[in-house]
A.B. asks: 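Sharing a structure here in structure tokens format.
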Amino acid sequence: MASLTLQSTAKLPSGHTIPLLGLGVYRNNDAYPAVIAALKHGYRHIDTAEMYRNEAAVGKAVRDSGINREEIFVTTKIMGGTAAPTASIKASLERLDLGYVDLYLIHSPHGGKETRLKIWRALLEAKAQGKARDVGVSNFVRHLEEIREAGLETPAINQIELHPFCKQEPIVEYCNKHSILISAFCPLVRADFSDPVLQEISKKINKSPAQVLVRWSLQKGWIPLPKSSHPERIASNADVYDFQLSAEDFGALDNRPQKPISWNPIDEP
Ligand SMILES: NC(=O)C1=CN([C@@H]2O[C@H](COP(=O)(O)OP(=O)(O)OC[C@H]3O[C@@H](n4cnc5c(N)ncnc54)[C@H](OP(=O)(O)O)[C@@H]3O)[C@@H](O)[C@H]2O)C=CC1
Ligand SMILES: O=C(O)C(=O)[C@@H](O)[C@H](O)C(=O)CO
């Protein structure tokens with residue numbers, strides 16, 4: 001594995017790059033200080049959404065950070081099932097007030113095939129207008145085939161729940177086959193660090209369970225989006241580049257019992 005750093009990126013279809021570690025801000029009602037702290041520590045990728053109701057705070061923190069806008073990668077998401085996607089996109093861009101977003105995702109496959117394709121076409125139009133540099137989806141599984149069958153541009157990324165207890169191998173395999181990058185939500189298992197194997201590895205290598213989980217996700221080739229509202233945890237979660245999980249420890253985590261997916265929009269017809 002090439003040596004990873006906090007500056008490591010992957011190439012997107014647009015030719016732009018996405019940092020391989022991002023800060024999640026779901027359920028953070030005061031995202032401004034978290035984003036400021038993350039950017040100060042060296043994060044350059046923030047993951048928000050219309051649904052999180054903190055786009056304005058994220059945008060203000062990015063503008064106030066003093067860092068060149070071009071250096072910061074901002075993802076937002078349009079709600080699945082949105083009836084008026086163009087209006088929703090306009091509203092989110094106004095709240096963020098960053099000129100453009102780097103990645104715009106459909107948050108979930110809710111709404112049925114026609115609505116999904118309508119929203120996808122609206123995102124593609126936003127991309128054509130330069131309002132989104134790349135576009136993708138989230139929580140899509142077989143729904144990805146609809147986009148292919150419609151002859152529309154393939155999503156750059158699929159953002160799904162991924163951690164050692166939820167590996168979603170069929171959809172990961174599909175995305176790998178079709179060169180769709182994968183970003184990992186809930187990479188910290190939402191702070192459930194109770195697994196004995198995780199605990200054992202954490203103690204053995206003297207790294208926090210969160211650091212072990214972030215490192216494991218990076219070594220899987222995914223883009224983890226750990227969320228914290230605490231600056232010291234935000235920093236710690238990104239301090240994962242001075243070690244590499246051994247093949248033994250990586251494999252032990254890669255063979256944990258699987259749990260049900262925490263949010264099941266993937267079952268949407
Ligand atoms: N596309 C989608 O449908 C979804 C996308 N997401 C995205 O993925 C991001 C991450 O997923 P999320 O659901 O937030 O869950 P995570 O797996 O990132 O876990 C977040 C939880 O872990 C705690 N935590 C963070 N760091 C540490 C640490 N070092 N030690 C102990 N506890 C810690 C946080 O508490 P505290 O804040 O108090 O530190 C919080 O309770 C989201 O924020 C969002 O951006 C999430 C769900 C669905
Ligand atoms: O994960 C859940 O339980 C949800 O209800 C969703 O909100 C999900 O967390 C999400 O979409 C956050 O981005």
Side-chain angles (χ1 to χ4, degrees), residues 18-35 37-38 41 43 45-55 57-58 61 73-82 101-110 119 135-141 143 155-166 168 171 175 181-195 198-199 202 206-218 222-240 259-268:
I18 180 171
L20 295 185
L21 180 68
L23 174 74
V25 292
Y26 177 45
R27 290 182 177 146
N28 187 340
N29 298 323
D30 183 18
Y32 182 89
V35 174
H41 189 73
Y43 286 71
H45 176 179
I46 310 298
D47 182 85
T48 186
E50 173 187 357
M51 183 179 77
Y52 303 169
R53 300 187 182 282
N54 56 22
E55 288 172 311
V58 168
F73 190 98
V74 176
T75 298
T76 197
K77 313 179 193 84
I78 186 170
M79 289 286 282
T82 296
V101 293
D102 299 270
L103 180 63
Y104 220 130
L105 305 179
I106 305 179
H107 205 144
S108 73
H110 288 105
I119 298 172
V135 292
V137 295
S138 179
N139 297 292
F140 273 44
V141 283
H143 318 94
I157 280 191
N158 193 12
Q159 182 178 121
I160 55 178
E161 179 174 356
L162 286 173
H163 47 72
F165 318 99
C166 180
Q168 300 206 63
I171 186 59
C175 291
L181 292 179
I182 295 169
S183 58
F185 75 69
C186 300
L188 306 183
V189 206
R190 290 187 172 166
D192 175 3
F193 304 134
S194 60
D195 178 72
L198 173 62
Q199 286 291 329
S202 166
N206 195 30
K207 294 292 179 181
S208 72
Q211 289 172 320
V212 172
L213 288 166
V214 171
R215 184 72 204 189
W216 180 83
S217 189
L218 288 167
W222 302 333
I223 302 171
L225 304 166
K227 177 264 177 179
S228 178
S229 49
H230 299 290
E232 67 283 0
R233 285 177 170 178
I234 290 169
S236 173
N237 294 346
D239 289 348
V240 295
K259 299 175 180 175
I261 295 165
S262 66
W263 187 44
N264 59 356
I266 65 171
D267 297 334
E268 280 297 308

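This structure is a prediction, so every number in the text was calculated from the model and none was measured. Residue numbers start at 1 and run along the sequence shown. Whatever order the structure lists them in is the order used to number ligands and atoms, beginning at 1.
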A.B. asks: For ligand 1, which atoms, with element, lie under 4.0 Å from some heavy atom of His107?
C.D. replies: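 Answer for ligand 1: 1 (N), 2 (C), 3 (O).
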
A.B. asks: Ignoring hydrogens, just give me the one of His230, Lys227, Glu232 whose non-hydrogen atom is nearest atom 14 (O) of ligand 1.
C.D. replies: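 It is Lys227 whose heavy atom sits nearest to atom 14 (O) of ligand 1.
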
A.B. asks: Below 4.5 Å, heavy atoms only, C-beta onward: do His143 and Val137 meet side chain to side chain?
C.D. replies: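 Of all side-chain heavy-atom pairs linking Val137 with His143, none is under 4.5 Å.
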
A.B. asks: Nearest heavy-atom pair of Val214 and Val240: which atoms, and what distance?
C.D. replies: CG1-CG2, 4.0 Å

A.B. asks: In ligand 1, which numbered atoms sit nearer than 4.0 Å to a non-hydrogen atom of Gln159?
C.D. replies: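 Within the 4.0 Å cut-off of Gln159, ligand 1 contributes 1 (N), 2 (C), 4 (C), 5 (C), 6 (N), 7 (C).
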
A.B. asks: Measure the acute angle between the ring planes of Tyr52 and Tyr26, then classify it against the limits of 30° and 60° as parallel, tilted or perpendicular.
C.D. replies: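 Tyr52 and Tyr26: tilted rings.
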
A.B. asks: Should the proximity of Ala49 to ligand 1, defined as any heavy atom under 4.0 Å, be assigned to the side chain, the backbone, both, or neither?
C.D. replies: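 The answer is neither; Ala49 stays 4.0 Å or more away.
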
A.B. asks: Find all atoms of ligand 1 within a distance of less than 4.0 Å from any non-hydrogen atom belonging to Val189, and give their numbers and elements.
C.D. replies: 17 (O)

A.B. asks: Would you name the heavy atoms of Asn54 and Val25 that are closest together and state the gap between them?
C.D. replies: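 The pair with the smallest heavy-atom distance is ND2-O, 2.9 Å.
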
A.B. asks: Does any N or O of ligand 1 fall below 3.5 Å from an N or O anywhere on Cys186, backbone included?
C.D. replies: yes

A.B. asks: Considering only heavy atoms, which of Asn237, Thr48, Val25, Asn139 lies nearest to atom 3 (O) of ligand 1?
C.D. replies: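 The residue whose heavy atom sits nearest atom 3 (O) of ligand 1 is Asn139.
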
A.B. asks: Should you measure from each heavy atom of Leu225, which atoms of ligand 1 turn up under 4.0 Å away?
C.D. replies: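 Answer for ligand 1: 8 (O), 9 (C), 10 (C).
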
A.B. asks: By number and element, which atoms of ligand 1 are closer than 4.0 Å to a non-hydrogen atom of Ser138?
C.D. replies: 1 (N), 2 (C), 3 (O)

A.B. asks: List the residues meeting salt bridge (charged side-chain N to carboxylate O under 4.0 Å, His left out) with Asp192, not counting sequence neighbours, and say none if there are none.
C.D. replies: Lys259

A.B. asks: Determine, considering heavy atoms only, which of His163, Arg190, Met51, Glu161 sits nearest to atom 12 (P) of ligand 1.
C.D. replies: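 Minimum heavy-atom distance to atom 12 (P) of ligand 1 goes to Arg190.
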
A.B. asks: Output yes when the distance from some N or O of ligand 1 to some N or O of Leu188 is under 3.5 Å, and no in every other case.
C.D. replies: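 Yes, there is a polar N/O contact under 3.5 Å.
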
A.B. asks: Judged by non-hydrogen atoms, does Arg27 sit under 4.0 Å from ligand 1?
C.D. replies: no

A.B. asks: Considering all heavy atoms of both residues, which atom of Ser228 and which atom of His230 are nearest to each other, and what is their separation?
C.D. replies: OG-N, 3.0 Å

A.B. asks: Counting from 1, what ligand 1 atoms have a heavy atom of Asp47 closer than 4.0 Å?
C.D. replies: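 Those of ligand 1 that fall under 4.0 Å from Asp47 are 7 (C), 44 (C), 45 (O).
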
A.B. asks: Under 3.5 Å between any N/O of Ser236 and any N/O of ligand 1: does that happen in this structure?
C.D. replies: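 Such a contact does not occur with ligand 1.
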
A.B. asks: Using the rule given for side chain to side chain donor-acceptor pair (under 3.5 Å), can you reason through Ser108 versus His110, listing the C-alpha separation, both sets of side-chain angles and the distance that settles it, and then say yes or no?
C.D. replies: CA-CA 6 Å; Ser108 73; His110 288 105; 2.5 Å; yes

A.B. asks: Go through ligand 1 atom by atom and flag the ones less than 4.0 Å from a non-hydrogen atom of Pro226.
C.D. replies: 18 (O)

A.B. asks: So between Tyr26, Phe185, Tyr52, whose heavy atom ends up nearest atom 8 (O) of ligand 1?
C.D. replies: Phe185

A.B. asks: Taking all non-hydrogen atoms of both residues, which atom of Trp222 and which atom of Ala184 are closest, and how far apart?
C.D. replies: CB-CB, 4.4 Å

A.B. asks: Going by the rule side-chain contact (heavy atoms from CB on, under 4.5 Å), which residues pair with Ser202 if we only count those two or more places apart in sequence or in a different chain?
C.D. replies: Pro209, Val212

A.B. asks: Give the numbers and elements of all ligand 1 atoms closer than 4.0 Å to a heavy atom of Ala210.
C.D. replies: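 Within the 4.0 Å cut-off of Ala210, ligand 1 contributes 28 (C), 29 (N).
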
A.B. asks: Give me the atom names and distance for the closest heavy-atom approach of Leu213 to Pro187.
C.D. replies: CB-O, 3.5 Å

A.B. asks: Can we say Asp47 and Lys227 salt-bridge, meaning some charged N sits less than 4.0 Å from an Asp/Glu carboxylate O?
C.D. replies: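 No salt bridge links Asp47 with Lys227.
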
